[in-house]
Every structure is written in C-alpha cells, then in structure tokens.
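What follows is a set of notes on a single structure, which appears directly below.
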Amino acid sequence: MLQISYIRENKDKVITALAKKHMDAGAIVSAIILLDENRRSTQVALDNTLAEANKLSSAIGEMMKNGEKAKAEILKQKTTQLKETSKELSEKLEAFANDLTQKMYLLPNLPADIVPEGKTPEENLNVFQEGEIPVLYEGAQPHWELVKKYDIIDFELGVKITGAGFPVYKGKGAKLQRALISYFLDKNTEAGYQEFQVPHLVNEASGYGTGQLPDKEGQMYHVGIDDLYLIPTAEVPVTNLFRDVILQENDLPVLCTGYTPCFRREAGSYGAHVRGLNRLHQFDKVEIVRLEHPDKSYEALDGMVEHVKNILQELKLPYRILRLCGGDMSFASALTYDFEVFSTAQDRWLEISSVSNFETFQANRLKLRFKGKDGKTQLAHTLNGSSLALPRVLAGIIENYQTPEGIVIPEVLRPYTGFDIIN
C-alpha cells in the first residue's frame, strides 16, 4: 500500500495521480488523513498517560519507603484512574489503526509519470513490435480445432472431471507443455534467477501482502474451511517469501523464478474471445520476481522486458509490447508492459506476459525492507513478470506453426520435446 506519510504530505498529488487510474479518491484520501490525525493524537495522549502513570508509580515507591502511606494511597487512586484512561485510549488507538489500515488497503498504487492516459485496452501505447506475421495455407484453423484434430488437448474431458476452463493435455500436447515450462525455467536460471518451488495455496496475509486482497478477492478460489486461497500467480507465494524480512543493501538485487499452476475464477468471461486456450480457470505459468534498490528498479524493469523479448525471439513468434494506460493497469502496479503474440488463425493479439514495477507498494504491505550502507532501513522495490504464461504462447505456437503436414515445433524447443512435428 501507499505510505501514510506520503499521502499526508502529498494529498493533492495522490488524488490527481489516482485519477489517471480512473479513481475518484478525494473522499477516501481525506478520510485516511483524518483517521491518521486521530490515531497520532490518540497515541500522544496514551504516551503521556503512561508516562504520568510511571512517574506516579516511582513517587509511590519513594513515599512507601519514607512511611508516607496516606499520601501513597492518594496517588494509588490516581494511578488506578490513569490505568483506566490508558486502557480506553489503547482501545481507541487500536480501532483507529485498524480502520486506517482497511481504508489504506483500498487505495491502488500511484501510476508512474510515463503511464499514458486512457481507460480501455485500446488506449494502451504500442512501444515495440517485432517478428513477421506468417501467411498460413488455405484451410488453416484456430487452435481449438487443431488440438482436436491432433488429439493433444481435450476441453470436453476437462469439463467432465472439473468444468469449463480446465483442459486436459494429452500425448504430444502434454509433452509440449512440459517442454515450454522447462525451457522458460532454463532461460530464467541462465539469466541469474534462482528457481523456487512454492505452495499453490496461500494464507490471507500473503494475499494482502502482494495486493491481490482485498482487490481481487472475487477472482480467487477460496478454500473456506481452511481459509486458504489457490494462487492466481506464482508472484504471490514467491514475493511473500520475503515478507517481514530486512535485507542488507548488498543482498540486492534478489532474482527469483518459479513454475506453478495458476487458478482464476475469471467471473463474467464469456464469448468467442475466451474460446479454447484464450481464457482458462487453471493454467501454467513461469514467473520472474525481483527485489531491487529503489534507485535501480526501473533499470531492472527494462532488463526484464529485454529478457522476455529474447525468449519470444527464440520462439520466433510475432509479438508486440504495450505500455498500459492508467485505466488498464493492475491495482498494485506503478508501470506495466504487456507482451502480446499475434494469433494468425484468430487474426488477433493475445496477451502472454505482464512485466511490472510495483515500487514500494507491495514492500510496504509486506514490510520488506533493506538496511542501507548508512545504517538506515528503507522499503525495497518489487517487480515481477510472466516469463511466460503458457496457454496463449501454446495457442500462438499451434496456430502460427501449423502446416498441411502438422504442427511444426519451434527449433529451440526440440531438445525438450524430442520431436519436431505434431501430426
């Protein structure tokens, strides 16, 4: 979340910045500042009351030593009153603090200055495009027809055992899926990212730590009896590895990668644009996460973008990079670049990666800090990106690499698959 000191000192700037994310934040920012003032004044009153009680306790001790019991009894009555007052103030302080925290959780991160204005995906800024869009043979098909033709993904079986949005990968389809996961992990570890295998369920504190809760609660699968959430992305457990951690400045940067299945309810997602692999409730993704010094996080973001570009260049898929406008950004992001591959058979762009800098937004929730060379402790910056999300990458490969003889496997994946065509 945002830092209360920043909100207090930059009220108008915060309201103006959040307007870029199309949030009218005036009322809630004013309420937050008022709560903070009440919390701080209550804290001062409590501190003064406790100090006075301690002072009287010392005086009572001296009086008892000197045999002044009558005077001591009078002061004891005063300390009893002070204890009651301090209890009331403590309860009041806790109520103010809890209310303040809950309201702070409702404020999104501030967008960076270079985030373009706009409300819809159509207003995102295309900043880079590369790769030749292939010309397919007559009779080329979208991936949901091809996977049926070659019997490599079965959507109906998934419906049978679970429901829509839970496909079953078969034979060479399963092997291609596994090949992509291994390839992505190898590329990430070669680039210096340490691999982690993490739980696929997280507690509420983890959801709040990275900003999925309370903002995306309706999109997450909740295991009610255990009060756990199925992860929507490996970002959640991987970043939470560092919750309540104080690093040393020379520990930075910290680079992590991990593969997990991801689970999203995707409520309200219907229509042709979500057919097949385009939108799933369960899908595989390889994630990269970085913890950075605030002075170096945007340089790191550029490096992450180049890293994802290199993977797509090796896969030889046509892609573009979009800088998201304020209205299309996530709740927690300060700046996001989306990668999209072109699906030739569908004649549309498919999002396959988001690379974001959250600055101190997640770190403040996580209490993720580092001690600088000057001995002072400050919040780190967190970043993450898909490297990559599999379903639409797989859709792009299946559609763009289709030939009358079968689906050709990208050359870089053949050492992982052990075959060069699906036919």
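Index from 1, following the sequence.
With no hydrogens or angles considered, a side-chain donor-acceptor pair links Gln43 and Asp47 at under 3.5 Å. Checked by atom type, the side-chain pair Lys285/Thr233 shows a donor-acceptor distance below 3.5 Å. A donor-acceptor pair shorter than 3.5 Å can be found between the side chains of Ser206 and Asn203. A donor atom on one side chain and an acceptor atom on the other are found under 3.5 Å apart for Glu123 and Thr120. Between the side chains of Gln362 and Glu235, at least one donor N or O sits under 3.5 Å from an acceptor N or O. Inspection of the Ser5 and Gln3 side chains reveals no N or O donor paired with an N or O acceptor under 3.5 Å. There is a side-chain donor-acceptor pair under 3.5 Å between Gln313 and Glu130.
Ring-plane geometry between His293 and Phe370 is classed as tilted, the angle between the planes lying from 30 to 60 degrees on a 0 to 90 degree scale. Using bins of under 30°, 30° to 60° and over 60° for the plane-to-plane angle, the ring pair Tyr193/His307 lands in the tilted bin.
In this view, Arg39 and Asp36 satisfy the salt bridge (charged side-chain N to carboxylate O under 4.0 Å, His left out) rule, not counting sequence neighbours. Annotation: ring pair (Phe, Tyr, Trp, His ring centres under 6.0 Å) contacts of Tyr401 (sequence neighbours excluded): none. With sequence neighbours excluded, the residues satisfying side-chain contact (heavy atoms from CB on, under 4.5 Å) with Glu91 are Lys87. For Lys296, the side-chain contact (heavy atoms from CB on, under 4.5 Å) criterion is met by Glu292, not counting sequence neighbours. Partners of Pro199 under the side-chain contact (heavy atoms from CB on, under 4.5 Å) rule, at least two apart in sequence or in another chain, do not exist in this structure. Contacts of Glu217 classified as side-chain contact (heavy atoms from CB on, under 4.5 Å), with partners at least two apart in sequence or in another chain: Leu213, Tyr229.
Cation-pi geometry between Lys175 and Phe419 is not met at under 6.0 angstrom from the ring centre and within 45 degrees of the axis.
The shortest distance between side-chain heavy atoms of Tyr337 and Met304 does not fall below 4.5 Å. In this structure the side chain of Arg40 reaches within 4.5 angstrom of the side chain of Arg8, judged on heavy atoms. Proximity of Asn310 to Lys187: side-chain heavy atoms (C-beta onward) are separated by under 4.5 Å at one or more points. A 4.5 Å side-chain heavy-atom check between Thr257 and Phe184 finds every atom pair outside the cut-off. A 4.5 Å side-chain heavy-atom check between Leu315 and Val341 finds every atom pair outside the cut-off.
Around atom NZ of Lys148, no more than 12 heavy atoms belonging to other residues, nucleotides or ligands sit under 6.0 Å away.
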Chi angles and distances behind the side chain to side chain donor-acceptor pair (under 3.5 Å) call for Asn109, Glu359: CA-CA 9 Å; Asn109 198 2; Glu359 297 186 356; 5.4 Å; no

Is there a side chain to side chain contact (heavy atoms under 4.5 Å, CB included) between Tyr169 and Leu394? Walk through the geometry before answering. CA-CA 11 Å; Tyr169 298 82; Leu394 191 60; 3.7 Å; yes

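Scanning all heavy atoms of the two residues, the minimum distance from Ala179 to Thr417 falls at CB-CG2, 3.5 Å.
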